[in-house]
Protein chains: 2
Amino acid sequence: MGDTPGTIGTGLGGEPTLEEQIAAYQREFQDLDPQVEKIVSALSRLNRRMNVAYGRQTADLGISNAEWEVLKALVLSGAPYRLGPSDLAKRLGLTPAAMTHRIDRMVAEGLVTRERDESNRVRVIVELTPEGREKWLQAMRMATVFEGDLLQDLTADERTSLGEVLTRLLRRVEHAQPDAGGRLSDLD
Amino acid sequence: MGDTPGTIGTGLGGEPTLEEQIAAYQREFQDLDPQVEKIVSALSRLNRRMNVAYGRQTADLGISNAEWEVLKALVLSGAPYRLGPSDLAKRLGLTPAAMTHRIDRMVAEGLVTRERDESNRVRVIVELTPEGREKWLQAMRMATVFEGDLLQDLTADERTSLGEVLTRLLRRVEHAQPDAGGRLSDLD
DNA sequence: ATCTCGAACTTTAGCTTTGAAGTCTTCGGT
DNA sequence: ACCGAAGACTTCAAAGCTAAAGTTCGAGAT
């Protein structure tokens, strides 16, 4: 097994390199277009590595990646940084039940407050606290440094082109998927 | 509960569009480079949507996305499609405990077999069954159709360029992360 | 006014994963 | 040979999620 270059040097444990993996796919599945597979596999791996990086950064701040997602959603909603649990759940791709629990924890940690809407007493309002906003800001600063570093070697043209192509692919996927209520993890 | 009410229209529920999101980020965080954010957000979203698509396909086959990952790892290891639990766990980015449970289920479903290594009685060998290989093949066929469709609108040059740029980014991330034994979900 | 349907959130039960402790086998030092 | 340490897997307890049932409140129909 362990054959050649940097088999395990960096990267994850016994994981084959991208090149090894594509070669293996070609052996096992002739119909495969190596160019397509290269793009798809690189996309997937890149995303995983980035999530690990984000996870480390947020962990250093004493919050989880899951909590950072909530903070992001609240900040993105704009001042006064309030959203209902069901709205949050939709944005994050969670079930309402999971949202309830996550908010429980974040209230206990002082990142958000939860109160009933007086005009609409069925509703609940989750609001960012100053501490929560500060955590978001710190995470954001670390993230932008990381992201800038990641794209450092790309020329201006390459960045423009990459953004445009990815957006085009995204549109295609979203258009092709009317979404039958699928639940999935969010993390923009 | 019916499957219709405005719960979810196109894309995810109350999720803002990519453009809205970037505009919101710029309002809340001046230091943000919109071009970088566009790339990063598109990458993240694209990956999510693709995982949903894979999840639907594998669900149609009666297996979970998690199980498909195990099948992929075994096939990629080459004939005779055998790996130990700890090796599998490393490739999938799972803890050994999770691997044990996942193998339990897959053995029960007839996708793999588990037996002790006679020459090394501490070790266990997980081997793909013909049924497991057939499931992998079916999933693979569906995946390649989807992937080909996704990249349909890209020219040959764009595909080459995209693959090259993504590979470059991946190398950068892997080089920058000596990997402190991080656990994360795999899904190439 | 009251009733009933429906919406928003919470609670409950079950599943998957993690982290830590436990079991069994192999290997190396004495 | 014997004993201890290390490795490979499993077991156990707890965290976090989903699906489904339960609760509470509001709006329109009777």
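Below, read A as the first sequence line, B as the second, and so on, with proteins coming before strands; counting in each chain starts at 1. In this text, all values refer to a predicted model and were calculated from it rather than measured experimentally.
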query: Do Val124(A) and Leu94(A) belong to the same hydrophobic cluster, where Ile, Leu, Val, Met, Phe, Trp and Tyr are linked whenever their side-chain heavy atoms lie under 4.5 Å apart, directly or via other members?
result: no
Rounded to the nearest angstrom, tell me the gap between atom [atom1] in [X] and atom [atom2] in [N].
X	N	atom1	atom2	value
Asn65(B)	dT17(C)	CG	C1'	16 Å
Met99(A)	dT11(C)	CE	P	15 Å
Asp104(A)	dT10(C)	CG	P	7 Å
Ile103(A)	dT11(C)	CD1	P	12 Å
Glu69(A)	dC17(D)	CD	P	9 Å
Asp87(B)	dC9(D)	CG	P	9 Å

To the nearest 0.5 Å, how far apart are [atom1] in [X] and [atom2] in [Y]?
X	Y	atom1	atom2	value
Leu46(A)	Ser44(B)	CG	OG	10.5 Å
Leu88(B)	Ile103(B)	CG	CD1	5.5 Å
Arg91(B)	Glu69(B)	CZ	CD	13.5 Å
Arg49(A)	Leu150(A)	CZ	CG	12.5 Å

message: Mind checking if Ser86(B) touches a base, just sugar-phosphate, or nothing, with heavy atoms under 4.0 Å?
response: sugar-phosphate
statement: Between Met106(B) and the options Leu71(B), Ile63(B), Val126(B), the side chain to side chain contact (heavy atoms under 4.5 Å, CB included) test singles out Leu71(B)
message: Nearest to the side chain of Pro85(A), heavy atoms from C-beta on, is which of dT18(D), dG19(C), dC9(C)?
response: dC9(C)
- request: Assign each of Arg105(A) and Ala98(B) to its nearest nucleotide of DNA chain D by heavy atoms, then name whichever residue's nucleotide is nearer the 5' end.
  value: Ala98(B)
message: What verdict does the side chain to side chain donor-acceptor pair (under 3.5 Å) test give for Glu134(A) and Gln138(A), after you've listed the backbone C-alpha separation in whole Å, the side-chain angles of each residue and the deciding distance to 0.1 Å?
response: CA-CA 6 Å; Glu134(A) 179 57 27; Gln138(A) 291 176 9; 3.1 Å; yes
Quick test: give all pairs of protein nitrogen or oxygen and nucleotides 12-14 of chain C nitrogen or oxygen below 3.5 Å, distance rounded to 0.1 Å.
none

- request: Can you sort out which residues in residues 106-129 of chain A have a heavy atom within less than 4.0 Å of DNA chain C? Ascending by number, please.
  value: Arg114(A), Val122(A), Arg123(A), Val124(A)
- prompt: Who passes side chain to side chain contact (heavy atoms under 4.5 Å, CB included) against Leu76(B), sequence neighbours left out?
  reply: Gln21(A), Ala24(A), Tyr25(A)
query: Any side-chain donor-acceptor pair under 3.5 Å between Thr160(B) and Gln35(A)?
result: yes
